[in-house]
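Computed over heavy atoms, backbone and side chain alike; hydrogens, waters and symmetry mates excluded. Predicted model only: the values in this text are computed from it and were never measured. So that the names make sense, note that chain A is the first sequence line, chain B the second, and so on, each numbered from 1.
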Amino acid sequence: MSKKITPRIYKGTRDFLPEQMVKRNYVISIIKEIFERYGFEPLETPTIELWETLSGKYGEEADRLTYRFTDRGNREVGLRYDLTVPLSRVVAMYPQIPKPFKRYQIQPVWRADKPQKGRFREFYQCDVDIVGSPSMLADAEIIAIIYEVLQSLNFRQFTIRINHRKILFGITEVSGAGMEKELEVCRAIDKMDKIGMEGVKEELLKREISPEAVQRILDILSTSGDNATRLQQTAAHLQASEVGQQGIREMQELFEYLALYQIPEDFVQFDLYLSRGLDYYTGPIYETVVREPRIGSITGGGRYDNLIGLFSGQDFPATGTTIGLERIITVMEELNMFPPHLRTPVQVLVTVFDPNTLPYSIAIARELRAAGIRTDLYTGKSKLRGQFGLANDKGIPLVVIAGPDEQQANQVNIKQMETGEQITVSRENMVQTIRQLLPKIN
RNA sequence: GUGAGUGUAGCUCAGUUGGUUAGAGCACCAGGUUGUGGCCCUGGGGGUCGGGGGUUCAAGUCCCCUCACUCACCCCA
């Protein structure tokens, strides 16, 4: 043997051991089922994209965080930073795809970020997008799906914050801050929940926006009441902005749809302080936050009507969201939201008593597998004691003992690991008995 | 990219003003138990004290450098 190297893993990446994979798969299966139930179709795209596909789509900050290198033929390539840009490329490359195109995509993305709590360099995103519909109905579908996914995962305390890029644009416009300052204005007011109204004021002044404009912005931001009321208050301030008014009309339409979807208002909030960093958003933007634990947003998205045009020469209206799998899992772990016993897919361990009874054990395992029961046949060297230990460590709920006595009588002994109860049944009744036991355990 | 903190067994950590052979719990392995896991008892394996240099009769402990990790900022899922 050569000298061993210390096993290490690249910063910000993780191995998912079986027990974690079982939990991840549980979450993914629920998300996927809902995506399909809402009429979305699956898509996957390559890990590596040409650099020209990725660059300049997200904004300066994101460009810096995109993994970039050259291949052996000196071609400039990169790892995908999100799933939205690859989708846009696909839509432009395959014009025959019928529109509106509703696709979902669950794949890892890479960001050359410094990792911290709930933040990784390689992580999964679950995206749903609708391409080819300019209607607020499409945005409503997206928000409805966010609501349904989180409800199904047993989230009960969350807020889907909704704002509109055109309204933010309008605020900058009527404030007199100067349109070149728009991004800075957004960035400052985005910090509201962190630094408060006074902090936002300071931020704005620091960015060389005139005190009069700052005051006007702060006036517009201070709204109160339910979503419709606050939307009206905002509308009153934006009379002078054509774009701002358009944003208001779209938001009103969106909230009308959300009412028809019967999404309770406690979960959806018109929030002027939401801005979102990516450059490509053009219409409604949304993200979901949870109060506990403090982890940032667990979903994020919005409308991007001009992005696909960068690839196709023809604009396609599009909207969609990312559901942040990693953060959802982090929250579910911290709040203990996973069902108990979610440890292994294996339902039954068939023990092997000794070489003489091995054929009997194999026959039993084959029979269980044929019946669709997830069955592990012990392949190690340990005696019964060790085999029970294995079932215990893995959390396998049932153990089938097929020793000489059982073989003699053409029976098996079934042990429920949690209670320790054991019963002997004939081979004909084995599958049926196990089928009855399993639901009680899981 | 900016700032702060932490590095001792696989994991969580203890280790006195610097003082002999560096400990505990959990985990792991074996036995107690040749047809039964968890609980219990006994035993065992496992450490370049992150790495390098310095001070000292003596360094896990003090100093310097370096690396790694963690947290926060920025930004984001």
Would you tell me if any nitrogen or oxygen in the side chain of A:Q116 comes within less than 4.0 Å of OP1 or OP2 on B:C71? no

Phosphate-side-chain proximity, A:K11 and B:C69, N/O vs OP1/OP2 below 4.0 Å: yes

Distance-only donor-acceptor test, A:K114 side-chain atoms vs B:U70 base atoms, 3.5 Å: no

I'd like to know if A:R187 reaches the base of B:C75 with its side chain, counting only an N/O donor and acceptor under 3.5 Å. no

On a whole-Å scale, what distance lies between the [atom1] atoms belonging to [N] and [M]?
{"N": "B:G15", "M": "B:U8", "atom1": "C1'", "value": "9 Å"}
{"N": "B:G18", "M": "B:C62", "atom1": "C1'", "value": "8 Å"}
{"N": "B:G35", "M": "B:C40", "atom1": "P", "value": "25 Å"}
{"N": "B:G10", "M": "B:C29", "atom1": "P", "value": "15 Å"}
{"N": "B:G45", "M": "B:C26", "atom1": "C1'", "value": "16 Å"}
{"N": "B:G3", "M": "B:A77", "atom1": "P", "value": "27 Å"}
{"N": "B:A9", "M": "B:A22", "atom1": "C1'", "value": "11 Å"}
{"N": "B:A58", "M": "B:C67", "atom1": "P", "value": "29 Å"}

Counting Watson-Crick and G-U wobble pairs whose two distances are both under 3.5 Å, find the runs of 3 or more in a row that involve RNA chain B. B:1-7 with B:67-73, B:10-13 with B:23-26, B:28-32 with B:40-44, B:50-54 with B:62-66

Give the rounded distance in Å between these two atoms: [atom1] of [X] and [atom2] of [N].
{"X": "A:Q107", "N": "B:A77", "atom1": "CD", "atom2": "P", "result": "17 Å"}
{"X": "A:L398", "N": "B:U36", "atom1": "CG", "atom2": "C1'", "result": "14 Å"}
{"X": "A:Y280", "N": "B:C76", "atom1": "OH", "atom2": "P", "result": "10 Å"}
{"X": "A:D354", "N": "B:U36", "atom1": "CG", "atom2": "P", "result": "14 Å"}
{"X": "A:I285", "N": "B:A77", "atom1": "CD1", "atom2": "P", "result": "11 Å"}
{"X": "A:Q105", "N": "B:A77", "atom1": "CD", "atom2": "P", "result": "15 Å"}
{"X": "A:R64", "N": "B:C75", "atom1": "CZ", "atom2": "C1'", "result": "8 Å"}
{"X": "A:Q416", "N": "B:U36", "atom1": "CD", "atom2": "C1'", "result": "15 Å"}

Counting any heavy atom closer than 4.0 Å, what does A:T299 reach on the DNA or RNA strands: base, sugar-phosphate only, or nothing? sugar-phosphate

Contact class for A:G386 (heavy atom, under 4.0 Å): base, sugar-phosphate, or nothing? nothing

Among residues at least two apart in sequence or on other chains, which ones pass side-chain contact (heavy atoms from CB on, under 4.5 Å) with A:P359? none

Donor-acceptor check, side chain of A:R89 to backbone of A:T53, threshold 3.5 angstrom: yes or no? no

Does A:E76 offer a backbone N or O that forms a donor-acceptor pair with the side chain of A:T70 under 3.5 Å? no

What orientation do A:F267 and A:Y147 show, parallel under 30°, tilted 30 to 60°, or perpendicular over 60°? perpendicular

Salt bridge (charged side-chain N to carboxylate O under 4.0 Å, His left out) pairs, two or more places apart, involving residues 13-27 of chain A: A:R14-A:E326, A:E19-A:R343, A:R24-A:E326

Any pair counted as salt bridge (charged side-chain N to carboxylate O under 4.0 Å, His left out), so long as it reaches residues 383-396 of chain A, sequence neighbours left out: none

Mind checking side chain to side chain donor-acceptor pair (under 3.5 Å) for [X] and listing every partner two or more places apart, or none if nothing turns up?
{"X": "A:T45", "result": "A:Q105"}
{"X": "A:R64", "result": "A:E61"}
{"X": "A:R80", "result": "none"}
{"X": "A:Q116", "result": "none"}

Can you give one letter per nucleotide of nucleotides 27-35 of chain B, going 5' to 3': B for a protein heavy atom under 4.0 Å from the base, S for sugar-phosphate only, - for none? -----BBBB

Salt bridge (charged side-chain N to carboxylate O under 4.0 Å, His left out) partner of A:K191, chosen from A:E184, A:E202, A:E203: A:E203

Judged by nearest nucleotide, the residue sitting upstream toward the 5' end of RNA chain B, A:D113 or A:G389, is A:G389

For the side chain of A:K191, counting heavy atoms from C-beta on, which of B:C74, B:A77, B:G38 is nearest? B:C74

